[in-house]
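Notes for the one structure printed next.
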Amino acid sequence: LPKQSRIIGFSRSSKINIDSVKFIKGDVLMLGREDTGIPDEYKARCAHMVSIPMPGGVDQFNKLGVRSLNLASAAAIVAYEASSKLGLLK
């Protein structure tokens, strides 16, 4: 990767919301498998781990609402959000 590149990983468990991320040209966006996510050895290389907000928080039985997004759907959301913030959709 070029030296100016940052790897930004996406994980349901991250506390950083995609809305608060300032994407920059050269960012590399990493998404993991739907069932296991990004492996720990790759997470360690990420400049940031970011989450996509999903409906359904923890209920009274400590069960989560939406477990994960389909990988293609998550990739589309991430690509759109990054492209929009970088002004590429104008």
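Because the structure is a prediction, the values reported are computed rather than measured. Hydrogens, waters and symmetry mates are skipped; everything else that's a heavy atom, side chains included, is used.
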Side-chain touch L71/R33, heavy atoms, less than 4.5 angstrom: no
Check against side-chain contact (heavy atoms from CB on, under 4.5 Å), M49 and I16: CA-CA 7 Å; M49 289 300 297; I16 300 172; over 6 Å; no
Stepwise side-chain contact (heavy atoms from CB on, under 4.5 Å) check, I8 with V28: CA-CA 6 Å; I8 299 177; V28 176; over 6 Å; no
S73: side-chain contact (heavy atoms from CB on, under 4.5 Å) partners, not counting sequence neighbours: N70
Connected via hydrophobic side-chain network under 4.5 Å: I77 and L86: yes
Approximate separation, where rounding is to 0.5 Å, of N17 CG and I52 CD1: 9.5 Å
Backbone of G26 reached by a side-chain donor or acceptor of S5 within 3.5 Å: yes
Separation of S13 OG from K43 NZ (nearest 0.5 Å): 5.0 Å
ILVMFWY cluster, L88 and L29 together (side-chain gap under 4.5 Å): yes
Residues in side-chain contact (heavy atoms from CB on, under 4.5 Å) contact with S51, at least two apart in sequence or another chain: S14
Check: A79 main-chain N/O paired with S83 side-chain donor or acceptor under 3.5 Å: yes
Rounded distance (nearest 0.5 Å) linking atom CZ of R45 with atom CE of M30: 8.0 Å
Beyond-backbone contact of V78 with I18, side-chain heavy atoms, under 4.5 angstrom: yes
Pairing residues for K85 by the side-chain contact (heavy atoms from CB on, under 4.5 Å) criterion, not counting sequence neighbours: F23, E81
Least distance between heavy atoms, R6 atom then H48 atom: NH1-NE2, 3.5 Å
Minimum side-chain heavy-atom gap I7-Y42 below 4.5 Å: no
